[in-house]
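Comments concern the structure below.
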Amino acid sequence: MSMDQVKQFAHYNKWANARLYAAALDLSERSYRLHIGVFFGGLHGTLNHLLLTDRLWLRRLTGEGDHPNGLDAILYEDRMELARARIAEDDRLIKVIESYDEAALKSLHSYKTTSGMPQSQVLADILMHLFNHQTHYRGQAHACLSILTGGEPPPLDLLAFQRGGTAPDLQNIASKLRQFRSG
């Protein structure tokens, strides 16, 4: 992977998450929480897992931030708080990625697995895993949206991002929904 590709994936990640979360925030509370049989139960569990694993990997990469204990932990019960945390983590990932250069991508990076085992891998391989993991679970969340709405969720294809597809302003959506629900 080149630095250009890594940066593209980091920005794509933020774009795809904004599209996914905007659709999730539009659901009724009952639909959003419904257990539909995906690995982490439903949409809420899947979105929490994505945030959790991003935090886990960013902690491994930077030594900073939260390190969740279980892969199925619910970090945020409130989906508005989850959305705000997702925005912050996406921005954090972009900042970390932009601090790397081509030499860093080829270097070995050491960390400990969730079971405490020491591990070393080439940074580019770690990042490929991180982005692939995000895509996998976003696909599950996308399927949840399809099941819950009976319609087609927003496209998350990389090509749509590369072609300049727009992403909603997730911060603005979350703020408006909070005002609407509290007022």
Side-chain angles (χ1 to χ4, degrees), residues 1-22 24 38-41 43-142 156-162 167-171 174:
M1 282 180 83
S2 71
M3 271 310 302
D4 287 342
Q5 289 169 317
V6 171
K7 287 178 182 178
Q8 182 180 139
F9 279 126
H11 287 278
Y12 163 73
N13 176 63
K14 181 177 180 172
W15 175 89
N17 284 334
R19 288 179 145 220
L20 190 62
Y21 269 77
V38 293
F39 193 79
F40 290 100
L43 188 54
H44 184 66
T46 303
L47 294 177
N48 265 279
H49 174 72
L50 270 167
L51 178 64
L52 180 149
T53 53
D54 284 359
R55 284 183 172 178
L56 185 144
W57 277 107
L58 283 170
R59 170 71 182 227
R60 289 174 179 172
L61 292 171
T62 67
E64 298 173 356
D66 295 333
H67 191 286
N69 294 326
L71 296 178
D72 61 349
I74 299 298
L75 302 177
Y76 297 94
E77 282 296 338
D78 181 273
R79 63 178 148 164
M80 300 302 176
E81 290 177 23
L82 181 61
R84 282 193 291 280
R86 176 77 268 168
I87 293 165
E89 210 63 25
D90 288 342
D91 290 342
R92 181 173 172 232
L93 177 60
I94 289 170
K95 185 178 176 183
V96 168
I97 293 296
E98 289 179 348
S99 74
Y100 296 141
D101 58 19
E102 294 289 342
L105 289 181
K106 295 174 186 168
S107 68
L108 275 181
H109 183 81
S110 297
Y111 62 93
K112 289 186 180 178
T113 65
T114 52
S115 64
M117 296 289 293
Q119 184 67 263
S120 291
Q121 287 178 266
V122 173
L123 179 60
D125 291 343
I126 292 171
L127 295 173
M128 277 194 291
H129 167 74
L130 173 72
F131 294 128
N132 186 63
H133 182 269
Q134 291 167 346
T135 299
H136 172 76
Y137 282 101
R138 261 197 309 268
Q140 285 196 13
H142 198 258
L156 302 180
D157 293 328
L158 180 61
L159 283 175
F161 169 75
Q162 292 168 331
D169 180 347
L170 190 53
Q171 185 74 44

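- Of the inter-residue distances, the one linking Thr46 atom OG1 with His136 atom NE2 reads 9.0 Å to the nearest 0.5 angstrom.
- Scanning for ring pair (Phe, Tyr, Trp, His ring centres under 6.0 Å) contacts around Phe39 gives an empty result, with sequence neighbours left out.
- The side-chain heavy atoms of Leu93 and Gln134, taken from C-beta on, include a pair separated by under 4.5 Å.
- Remark: His11 pairs with Glu98 by the side chain to side chain donor-acceptor pair (under 3.5 Å) rule, at least two apart or across chains.
- The nearest pair of heavy atoms linking Leu20 to Ala141 is CD2-CB, 3.7 Å.
- With hydrogens and angles disregarded, a donor-acceptor distance shorter than 3.5 Å links the side chain of Asp101 to the backbone of Ala103.
- Going from atom CZ of Phe131 over to atom CH2 of Trp57 covers 12.5 Å, rounded to the nearest 0.5 Å.
- Expressed to the nearest 0.5 Å, how far CD of Gln119 lies from NZ of Lys112 amounts to 12.5 Å.
- Side-chain contact between Arg79 and Leu43: absent, with no pair of heavy atoms (C-beta onward) separated by less than 4.5 Å.
- When the side chain to side chain donor-acceptor pair (under 3.5 Å) test is applied to Tyr76, the partners found at least two apart in sequence or on another chain are Arg55.
- Rounding to the nearest 0.5 Å places CG of Asn48 at 10.5 Å from OG1 of Thr53.
- Scored by the side chain to side chain donor-acceptor pair (under 3.5 Å) test, Arg138 finds Asn13, Asn17 as partners (sequence neighbours excluded).
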### Message
side-chain contact (heavy atoms from CB on, under 4.5 Å) for Phe9 and Leu127? Distances and angles first, verdict last.
### Response
CA-CA 9 Å; Phe9 279 126; Leu127 295 173; over 6 Å; no
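- For the pair Arg86 and Asp54, the salt-bridge criterion is met [side-chain N within less than 4.0 Å of a carboxylate O].
- Contacts of Glu102 classified as side chain to side chain donor-acceptor pair (under 3.5 Å), with partners at least two apart in sequence or in another chain: none.
- The closest side-chain heavy-atom distance from Thr114 to Arg60 is below 4.5 Å.
- With Tyr21 as the fixed residue, the side-chain contact (heavy atoms from CB on, under 4.5 Å) test singles out one of Asp90, Leu170, Ile87: Leu170.
- The shortest side-chain heavy-atom distance between Thr135 and Leu158 does not fall under the 4.5 Å cut-off.
- Residues Ala18 and Pro168 come closest through the heavy atom pair O-CG, 3.5 Å.
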### Query
How far apart are the C-alpha atoms of Tyr12 and Leu156, what are their side-chain angles, what is the distance that settles it, and do they pass the side-chain contact (heavy atoms from CB on, under 4.5 Å) test?
CA-CA 9 Å; Tyr12 163 73; Leu156 302 180; 4.1 Å; yes
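- Taking both residues in full, the closest heavy atoms of Gln162 and Gln8 are given as NE2-OE1, 2.6 Å, listed atom of the first, atom of the second, then distance.
- Pairs of residues two or more places apart, or lying in two chains, that qualify as side-chain hydrogen bond (donor to acceptor under 3.5 Å, both in side chains) and include a residue from residues 120-132 are Ser110-Ser120, Tyr111-Gln121.
- Between atom CZ of residue Phe40 and atom CG of residue Leu47 there is a gap of 11.5 Å, rounded to the nearest 0.5 Å.
- Rounded to the nearest 0.5 Å, atoms CD1 (Ile97) and CG (Leu105) are 8.0 Å apart.
- Using a 4.5 Å cut-off on side-chain heavy atoms (C-beta onward), Asp72 and His49 make no contact.
- Heavy atoms only, all atoms of each residue included: His133 and Leu50 are closest at O-CD2, 4.3 Å.
- Residues Val38 and Gln140 approach most closely at CB-OE1, 3.8 Å, considering heavy atoms.
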